[in-house]
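Below: the structure, in structure tokens.
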Protein chains: 2
Amino acid sequence: MEQTQLTNSLQTYFNRLGHDIDLSILTLPVEVHSLSKGDYLFQQGDVASNFYFLSTGLVRYVSVSDEGKEFTQSFVKGPSVIGSTKSMVTKSKASFGIQALEESIVLSYPWTAFYEQMREDKNFLEFYVKLLERIFISKEERESAFMKHSAERRYLDFCVAFPELKDTIQQQQIASYIGITPVALSRIRQKLKLC
Amino acid sequence: MEQTQLTNSLQTYFNRLGHDIDLSILTLPVEVHSLSKGDYLFQQGDVASNFYFLSTGLVRYVSVSDEGKEFTQSFVKGPSVIGSTKSMVTKSKASFGIQALEESIVLSYPWTAFYEQMREDKNFLEFYVKLLERIFISKEERESAFMKHSAERRYLDFCVAFPELKDTIQQQQIASYIGITPVALSRIRQKLKLC
DNA sequence: GATATCGCTTAACTTAGGTTAATTCCTTTC
DNA sequence: GAAAGGAATTAACCTAAGTTAAGCGATATC
């Protein structure tokens, strides 16, 4: 398939957000990843120094503790830029993996080469600034929720924030997102039913 | 005092980080905040849409829950850019306040006007990108530590990460940083002493 | 169509950490 | 130097959530 056809969805994404970015200046080959439900784009511990664009689908960021417990850091629905900023920028091992929860299509470029070419475009820099601001703000809000609210409240907040996920993904994944065990979530749901 | 003299420390900060940014293009007046120990630069709930530069001193980001419990999100030593990205970018109320833990000097510019002028400078955009990347990565690591480690481990990590703070700030502030009560921290320290 | 397998629930028990309060120790302040 | 307030410790008690395990539907596999 032609490069421009493949990158169409990314170009559209930029345009929709109001950023006048021309991808055709890139001399880099884009890579296409087709993920089935359950597949990992990359695993925790991999060096994932790519710029990833989730064209369609749904993924979760999942990190595993030394004791083997899974924790879901976030859910992301396409179209959206995804990936580990840390791994991308510092070429270090990612502290989480990205797993598809549905059939998903992901485009990627090696970050360093991509940034070297795109940084010439002030519009791209401004897009990237806005992207970082956005993901930072959402992390700020999540941290605050974790510190300030109980697990029960975090569950209720989740249901409001992701109404479409509430009934489509597994409860254990919701539990790992709000930072408790599936058993504890089941108890909370039981208690809420009674109210 | 002259504008250029006031902004000297910020100019030096940019230069040290290797960013060729010329502040003298700014037609904006800089504001200087002189904080005593305990003073707030801004409080949670204020709209703090300024670009703040902590020239010298030490601050903490502190948020308070509905029940009145304090939580310290981070400690920052000058020289460093500080502030609430969310409040700055979206002109919304800050979800935390910034409190000086020592005598501190802070410079500030209103963000919108500052960004409008500085965005013309690609070097500034790249500095701002690097700044966002850095604070994002540190948030990513903190989130991970919170999910993966016990309070005891988080205390030990704190001692390694902030050796100079360990003995200079109050234990209740350390406790609020690692997300437990002062009583619980005291218990942990007691237990560690026995080992 | 029988049988694993997986996700969820429920129960019983354990544990980390919260709550309250008393005690001591240190600073301030007058 | 006495008094008062704040910080840390310690103890007793409580609660939310973790752990383990049994049971129960679903769905998938042969």
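Please read all numbers here as calculations on a predicted model, not as lab measurements. In what follows, chains are A, B, ... by sequence order, proteins preceding strands, each numbered from 1. The analysis underlying the following values was restricted to heavy atoms, covering all of them including side chains, and did not include hydrogens, waters or symmetry mates.
- OP1 and OP2 of C:dG17 both lie 4.0 Å or more from every side-chain N or O belonging to B:Lys191.
- Following rounding to the nearest Å, B:Ile188 (CD1) and C:dT15 (C1') show an atom-to-atom distance of 13 Å.
- Taking the six-membered ring where tryptophan is involved, the planes of B:Tyr61 and B:Phe96 are essentially parallel, since the angle between them stays under 30° and well short of 60°.
- Rounded to a whole Å, the CZ atom of B:Arg189 is 15 Å from the P atom of D:dA7.
- Side-chain polar atoms of B:Gln117 and B:Thr27 form a donor-acceptor pair below 3.5 angstrom.
- Atom CD1 in A:Ile178 sits roughly 15 Å away from atom P in D:dA16 (whole-Å rounding).
- The nearest whole Å value for the distance from the CD atom in B:Gln170 to the P atom in D:dA7 is 5 Å.
- The local environment of NZ in B:Lys93 is sparse, with at most 12 non-hydrogen atoms from other residues, nucleotides or ligands closer than 6.0 Å.
- Following rounding to the nearest Å, B:Lys37 (NZ) and C:dT27 (P) show an atom-to-atom distance of 11 Å.
- Counting to the nearest Å, the P atom of D:dA17 and the OH atom of A:Tyr155 are 14 Å from each other.
- Seen from the ring of B:Phe146, B:Arg154 counts as a face-on cation partner, given the 6.0 Å and 45° thresholds.
- Within the 4.0 angstrom heavy-atom criterion, only backbone atoms of the sugar-phosphate kind lie near A:Gln172; the bases stay farther away.
- For A:Ile180, counting side-chain heavy atoms from C-beta on, the closest listed nucleotide (D:dA17, D:dA7, C:dG18) is D:dA17.
- The environment of A:Lys77 atom NZ is sparse: at most 12 non-hydrogen atoms of other residues, nucleotides or ligands sit within 6.0 angstrom.
- Side chain of B:Ser186, nearest nucleotide from C:dA12, C:dG17, D:dT9: D:dT9.
- B:Lys69 has its NZ atom 9 Å from the P atom of C:dT20, to the nearest Å.
- Close to C:dT9, at under 4.0 Å from its OP1 or OP2, lies no side-chain N or O of A:Gln190.
- When the P atom of D:dA7 is taken as reference, atom CG of B:Leu185 falls 14 Å away, rounded to whole Å.
- Among the nucleotides D:dA8, C:dA12, C:dG17, the one closest to any side-chain atom of B:Ala184 is C:dG17.
- Comparing C:dC8, D:dA8, C:dT10 by their nearest atom to the side chain of B:Gln171 picks out D:dA8.
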